[in-house]
Amino acid sequence: TSDSLADWPVELIDPMRDAVITADLDQLLAKIDLVESRDPRIAKGLRRLAEGFQYQKLLDLFSTETLP
């Protein structure tokens, strides 16, 4: 959920959002790999959405309106 990402630094969220916007799956997966050490459970969920091409759901999660 967006709440799960609420305390994540914008430096982690912005590159993932940019990769979703440009539909760059390889870049998105690379960014998810980088944040896996922060929270493997969330990284697994993000990876599942990315590999399922659930870009709108990812954009909703990374939305600047829901993040501080």
Side-chain angles (χ1 to χ4, degrees):
T1 66
S2 296
D3 292 340
S4 300
L5 302 176
D7 64 340
W8 284 37
V10 69
E11 296 83 22
L12 294 176
I13 298 296
D14 280 352
M16 289 190 288
R17 182 185 308 115
D18 292 343
V20 171
I21 290 169
T22 60
D24 188 340
L25 180 60
D26 292 333
Q27 184 68 15
L28 178 57
L29 291 174
K31 296 301 179 188
I32 291 171
D33 286 344
L34 290 175
V35 300
E36 189 164 18
S37 63
R38 180 182 178 96
D39 191 323
R41 183 182 54 83
I42 290 177
K44 181 179 179 179
L46 293 174
R47 188 175 296 108
R48 188 177 321 119
L49 290 173
E51 290 172 346
F53 303 103
Q54 299 291 314
Y55 290 149
Q56 187 57 55
K57 286 184 181 180
L58 287 166
L59 282 177
D60 292 345
L61 287 174
F62 300 146
S63 173
T64 54
E65 290 90 45
T66 59
L67 296 173

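Since the structure is predicted, the reported quantities are computational estimates derived from the model, not experimental observations.
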Inset, instruction - Take Met16 and Leu58, measure what side-chain contact (heavy atoms from CB on, under 4.5 Å) needs, and give me the verdict at the end. - result: CA-CA 9 Å; Met16 289 190 288; Leu58 287 166; over 6 Å; no

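- Evaluation of the side-chain contact (heavy atoms from CB on, under 4.5 Å) rule for Gln56 yields Leu59, Asp60 as partners, not counting sequence neighbours.
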Show me the side-chain donor-acceptor pairs of residues 45-53 shorter than 3.5 Å, one per line, residues at least two apart or across chains.
residue : atom : partner : partner atom : Å
Arg47   : NH2  : Asp33   : OD1          : 2.9
Arg47   : NH2  : Glu36   : OE1          : 3.3

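- Residues satisfying the side-chain contact (heavy atoms from CB on, under 4.5 Å) test with Asp39, not counting sequence neighbours, are Trp8, Arg41, Ile42.
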Atom pairs and distances, donor-acceptor, side-chain atoms in residues 21-32, under 3.5 Å, two or more places apart:
residue : atom : partner : partner atom : Å
Thr22   : OG1  : Asp18   : O            : 3.0
Thr22   : OG1  : Ala19   : O            : 3.3
Asp24   : OD1  : Asp26   : N            : 3.4
Asp24   : OD1  : Gln27   : N            : 3.0

